[in-house]
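Read the structure below first, then the notes.
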Amino acid sequence: MAGEQHKTTLRPETEVVHLGRDPKRFDGFVNTPVVRGSTVLYPSYDDLIHHRGRYSYGRHGTPTTDDLETAIQVLEGGDGVVLTPSGLSAVTVALLSALKAGDHLLMVDSVYMPTRTFCDTFLADMGVETTYYDPLIGEGIAGLIRENTRAIFLEAPGSQSFEMQDVPSITAIARARGITTLIDNTWATPLFFKPHAFGVDLSIQAATKYICGHSDALLGTVSAIGPALKKLKATYRALGFSVSPDDAALGSRGLRTLAVRLAHHQQAGLDMANWLLTRPEVSRVLHPALPSDPGHAIWKRDFTGASGLFSIILKPVPEKALATFFDSLTLFGMGYSWGGFESLAIPFDCSTYRTATQWAPEGPAVRLHIGMENLDDLKADLDNAFMRMHAQS
Ligand SMILES: Cc1ncc(COP(=O)(O)O)c(C=O)c1O
């Protein structure tokens, strides 16, 4: 299928198994080989000077990277894809492709923190001004647009705090003014939300998370539609980005089980979220697939599923008791990069960096990733940690 067919009518579970591999091309081997290579030799002088042939230079693509790009392109429904060495580099190359000195950027206030750092440092030094906006702004975005606004960046749900954004309202306004829109769609993956179908020009994945899915590789993807693609490719080439064939192969391998893993993360995450709602230690659960969540209506309208990452707000406890909660966990690991097979828990505090909105929860905030472990074992782990926390309160 790789490289031959860029649109399918197959269902997502089938697509992730078959896209981006063609055993006929590789003597029947099921997976595309890990092709290592920098130098590509041309058969003749004439081929060389006319740049004839599918491959020209390792950095510009190999069968291993091409096949993953093709698979992502079909899943995203875009016109083209670039692979980057991490999720953050996918964000930065996409932003750089849409902006130049003197431009103005509208950035969602709930964005992944390192994206914010890039805007406040690198983009600011380059002469790009960033205005942060409330994730709930919807059509109100029109009021923030200036003559030099060239890009609007979205992330839904918000990193850590899980606000949903009205993507089609924002993209309709941006389109009418010729402004490029970008979204970090890592939480939903292209299986549960298709940004291009909602008018987004550049769709970004930290493939490190659910696509690779095993906490053993860093990878990013950017899918583009329309005129944004040419600029994306040119920026990518100018910056000299490329990804290792090993990491691309891990991305392709992760893709094969993405649908079944996400189905599990969704079910286990929702079951856990509902259980947490009943716990006396928990004040609120921030999960857009819960009917009680303020973002639920938008999630239901635009998304076809939910992954396994969400947050809880605890009732107030002293810092020492919170530390006991985390230190008592034996199955939930304390780590930042999510989307693997394992469950995770981290404390977070958005109040230190938000500028357009206030983050003032009633108690400590904890982000959870629900992995593949038995759910009763995970609940017992949390139950034990809550009990020990109580003893310190
Ligand atoms: C929403 C989101 N975007 C981007 C990234 C960056 O991904 P990477 O760690 O691959 O650079 C992360 C990482 O946690 C993330 O959560």
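Counting from 1, the numbers follow the sequence of the chain as shown. In this text, all values refer to a predicted model and were calculated from it rather than measured experimentally. Each ligand, and each atom within it, is numbered from 1 in the order the structure gives.
Judged by distance alone, the side chain of Asp381 and the main-chain N or O of Leu331 form a donor-acceptor pair under 3.5 Å. Remark: side-chain polar atoms of Glu373 are paired, donor with acceptor, to backbone N or O of Ser343 under 3.5 angstrom. A donor-acceptor pair is defined here as one N or O able to donate and one able to accept, closer than 3.5 Å; no such pair exists between the side chain of Gln160 and the backbone of Asp349.
Two rings, from Tyr210 and Trp338, have their centers less than 6.0 Å apart. For Phe192 and Phe303, the ring centers sit 6.0 Å or farther from each other.
Of the N or O atoms in Trp338, one or more lie within a sub-3.5 Å distance of an N or O in ligand 1. Polar contact check, Leu218 against ligand 1: no nitrogen or oxygen pair lies under 3.5 Å apart. Of the N or O atoms in Ala206, none lie within a sub-3.5 Å distance of an N or O in ligand 1. Between Thr208 and ligand 1, a contact under 3.5 Å exists for at least one N or O pair.
When hydrogens are left out, the protein atom nearest atom 8 (P) of ligand 1 is Gly87 N, 3.3 Å; that is the closest non-hydrogen contact. Given atom 3 (N) of ligand 1, the protein heavy atom at minimum distance is Asp184 OD2, 2.6 Å. Looking only at protein heavy atoms, the nearest one to atom 11 (O) of ligand 1 is Leu88 N, 2.9 Å. Taking atom 5 (C) of ligand 1 as the reference point, the nearest protein heavy-atom neighbour is Tyr112 CE2, 3.3 Å. Counting only heavy atoms of the protein, atom 13 (C) of ligand 1 lies nearest to Lys209 NZ, 2.7 Å.
Comment: Asp67 engages Arg25 in a salt bridge, judged by a side-chain N to carboxylate O separation of less than 4.0 angstrom. Between Asp79 and Lys233 there is no salt bridge, since no side-chain N of the basic residue sits under 4.0 Å from a carboxylate O of the acidic one.
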